[in-house]
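In what follows, a single structure is set out as structure tokens and then discussed.
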Amino acid sequence: MSLKREAASGSDVDERLAALMTNSNAVRAIASAVEGTLGPKGLDTMLVDKFGDVVITNDGVTILTMMEANHPAARMLINIARAQQEEIGDGTTTATVMAGALVSSGVEQVARGVPVARVIEGLRVGLNKALEIMREQARRVSGLDDGAVRQVALIAGRSHEDIADLVVQAAVMIGEEKLKDKNFKFSDTIVAEEGADNEVFMGVIVNKERISRQMPGELRNISVLVIDDALEPEEIDEEALRTEAGFARYMQLQEEFSGNLKKVAALGVGLVLVDRGVSDTAEDILTDAGVMVVQRVANKELRKAAEHTGARMLKRTGLKKTREDLEKCLGRADRVYNDEKLEQVWILGGGGKPMATVLVGAATSEVVGERERIARDAAASVQSAIKGGVVPGGGSLELAVAREVEKVREGIRGMAAYGVDCVVEALKRPLSQIAANAGFNPLEKLGDVIAAQAETGKNSLAIDCDSGQVADMLESGIVDPADVKIYALRAAGEVAEAILRIDTIIKKREEKEIERDLQSRESSKMF
């Protein structure tokens, strides 16, 4: 119980609420770190490590995953944001801000005497109603030429017109069917490079160069071999190599390896991509044959290249296949070239699955990472909009849902109604924070929008962040993917409930100490 007393020291909080207050403060600190980035007027955050390296970003999940956070409740919130990013690709800041509001409101109710169980009961009722209304409000987009698609890209892309245009162009190239595939992540097609021009093309980029300048820098209409292994002869144990039989085996393997490489060259292979290293023998033989070889290719890039070219990835032993069988494992590409400026190899017009790459240019190395994050958010949001439709943005939908959830409260008896109040407060939080970040009084603007929505019956009203006046988000083209909002609220509810249920914080013993005790007990049983 010493941790409870420590957490409660210096405050008037009852000792039984110490764990709850400690966790609430940790969650509030995390939410505070990202809430200033919300909305079109949100500011950037600078992250600095112990070596002085700096990352400047407006991206919520980047801030959360890079910041130093040791408190377990804080890590729970960060993990929820990471899950939101993995599942949807955007909305992490909204999820974090609403989770912080849910926890803070919940703790306030508990401190007033409302049992935690009743708060959680009300939370569930309010969240279920809110999620139901959000799903009903979603409007399906009518294809990739729907104007809402570009607006989603523009909003998620933080008003970068060039990035929004690139993402929409790539989406059209990929096609609606592929974007709806649950196994395809549009954001994975984004690559940002310093000094590059913005470009969308059918193909993949390998972030490595050919291993020798004597190899061709550009090839057309070629076969592609993908080796998910080292391109080296099979190894012999050092002790075995000292024996006559072992040395003979070594020479045999070297000869077989050279023969296999000549077989590859005879098949007309133009590009060889290798997961690991390439031996000098392989480099010499393939260079003489006019083959471009790229070694130590990242596994993710290797798989994308294999999928795009239609190649089957082989281990080094696969080179022993007959000429006919080996030929069946090759892929095709219309054009391959080594870009020395960008230090990349581009593979275009593959014979396998169509695959688009969005190359985002950046003027300096300092902004490359942020440009890539912005483009990835835009791509993820576009894909989410295609899958689940769009809703009005700017916090308008959440506020409209809050008004409906307030009506549910009237029909709830007992203290569970206070849990519903927590959901209402959390739903008001995004618009309130957007207004504050734009330099306006959040309470005043919240009141203005609530009154306007009630008077007109329009759920799409929010605040114009330039003028401060009430504006229709749909007419202004401010829309968000419905799934981003739905998942953010659901994730916020899950983490809030988990944190509110924690009654006691106990320091866990080290795993090694537990193992020693278990071993000691087992030893004593033997005697």
Side-chain angles (χ1 to χ4, degrees), residues 31 38 80 84 91 94-110 112 114-139 388-389 391-435 442-443 445-463 470 473 480-500:
L38 200 61
I80 283 289
Q84 166 99 15
T94 301
T96 305
V97 167
M98 287 199 293
L102 281 172
V103 173
S104 296
S105 300
V107 170
E108 286 177 13
Q109 300 294 1
V110 173
R112 290 171 56 192
V114 181
V116 172
R118 300 285 76 79
V119 172
I120 291 174
E121 181 185 337
L123 276 181
R124 290 177 178 174
V125 172
L127 287 168
N128 288 337
K129 183 63 178 177
L131 291 169
E132 178 188 331
I133 297 169
M134 281 187 175
R135 293 187 185 99
E136 292 172 353
Q137 293 292 317
R139 177 184 75 79
V391 292
S396 61
L397 176 67
E398 291 93 329
L399 191 59
V401 173
R403 291 170 47 236
E404 294 299 317
V405 173
E406 281 182 323
K407 297 175 184 177
V408 174
R409 185 196 192 284
E410 298 168 5
I412 296 179
R413 294 182 179 180
M415 289 188 165
Y418 293 106
V420 177
D421 289 341
C422 298
V423 177
V424 172
E425 288 304 309
L427 288 165
K428 291 178 179 179
R429 188 66 181 160
L431 190 144
S432 177
Q433 190 62 50
I434 288 170
L443 288 176
K445 297 307 175 185
L446 201 62
D448 291 345
V449 176
I450 290 173
Q453 284 192 359
E455 182 181 344
T456 63
K458 286 186 176 182
N459 292 343
S460 56
L461 298 182
I463 291 295
V470 175
M473 297 294 99
D480 292 322
D483 286 350
V484 168
K485 298 288 188 182
I486 292 167
Y487 197 96
L489 181 58
R490 190 167 69 227
E494 287 175 3
V495 73
E497 180 176 336
I499 290 172
L500 289 171

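Bear in mind that the values here come from a model prediction, so they are computed numbers and not experimental data. No hydrogens, no waters, no symmetry mates; every other heavy atom, side chains included, goes into these values.
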Hey, could you give me the [atom1]/[atom2] distance between [X] and [Y], rounded to the nearest 0.5 Å?
X	Y	atom1	atom2	answer
I499	E497	CD1	CD	11.0 Å
D448	I463	CG	CD1	6.0 Å
N128	I133	CG	CD1	11.0 Å

Quick one: are V484 and T94 in side-chain contact, heavy atoms under 4.5 Å?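 Counting from C-beta outward, V484 and T94 never come under 4.5 Å.
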For [X], what residues pass the salt bridge (Lys or Arg N to Asp or Glu O under 4.0 Å) criterion, not counting sequence neighbours?
X	result
R139	D146
E425	none
D483	none

Over 12 non-hydrogen atoms of neighbours within 6.0 angstrom of CD in E455: no
Contacts of Q109 meeting side-chain hydrogen bond (donor to acceptor under 3.5 Å, both in side chains) (sequence neighbours excluded), chain-then-number -> R112
Tell me, please, which residues at least two apart from Q433 pass side-chain hydrogen bond (donor to acceptor under 3.5 Å, both in side chains). R429, N437
Heavy atoms only: give me the nearest [X]-[Y] pair and the separation to one decimal.
X	Y	answer
M473	P392	CB-CB, 4.3 Å
A417	I412	N-CG2, 3.8 Å
G395	I434	N-CD1, 4.2 Å
A95	A492	O-CB, 3.6 Å
G388	A482	O-CB, 3.6 Å

Could you check N459, I450, L461, V424 and say which one makes a side chain to side chain contact (heavy atoms under 4.5 Å, CB included) with L399? I450
Consider side chain to side chain contact (heavy atoms under 4.5 Å, CB included). Of V114, V107, L500, L123, which one does C422 pass it with? L123
Return a table of donor-acceptor pairs under 3.5 angstrom between the side chains of residues 401-409 and protein atoms on other chains or two or more places apart.
| from | atom 1 | to | atom 2 | distance (Å) |
| --- | --- | --- | --- | --- |
| R403 | NH1 | Q453 | OE1 | 3.2 |
| E404 | OE2 | K407 | NZ | 3.2 |
| R409 | NE | D421 | OD1 | 2.5 |
| R409 | NE | D421 | OD2 | 3.0 |
| R409 | NH2 | D421 | OD2 | 3.1 |

Not counting sequence neighbours, list each pair that qualifies as a side chain to side chain donor-acceptor pair (under 3.5 Å) and has a residue in residues 410-419.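 Listed once each, the pairs would be none.
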Can you pull out every side chain to side chain donor-acceptor pair (under 3.5 Å) where at least one residue sits in residues 487-496? Sequence neighbours excluded, please. none
Any donor-acceptor pair under 3.5 Å linking the side chain of S396 with the backbone of G393?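 A pair under 3.5 Å: yes.
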By side chain to side chain contact (heavy atoms under 4.5 Å, CB included), S104 pairs with (sequence neighbours left out) S24, R28
Can you name the residues that form a side chain to side chain contact (heavy atoms under 4.5 Å, CB included) with L489, not counting sequence neighbours?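 Per chain and number, L489 pairs via side chain to side chain contact (heavy atoms under 4.5 Å, CB included) with M98, L127, A130, L131, M134, L427.
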Working note: V420 + K129, criterion side chain to side chain contact (heavy atoms under 4.5 Å, CB included); need CA distance, chi angles, decisive distance, verdict. CA-CA 10 Å; V420 177; K129 183 63 178 177; over 6 Å; no
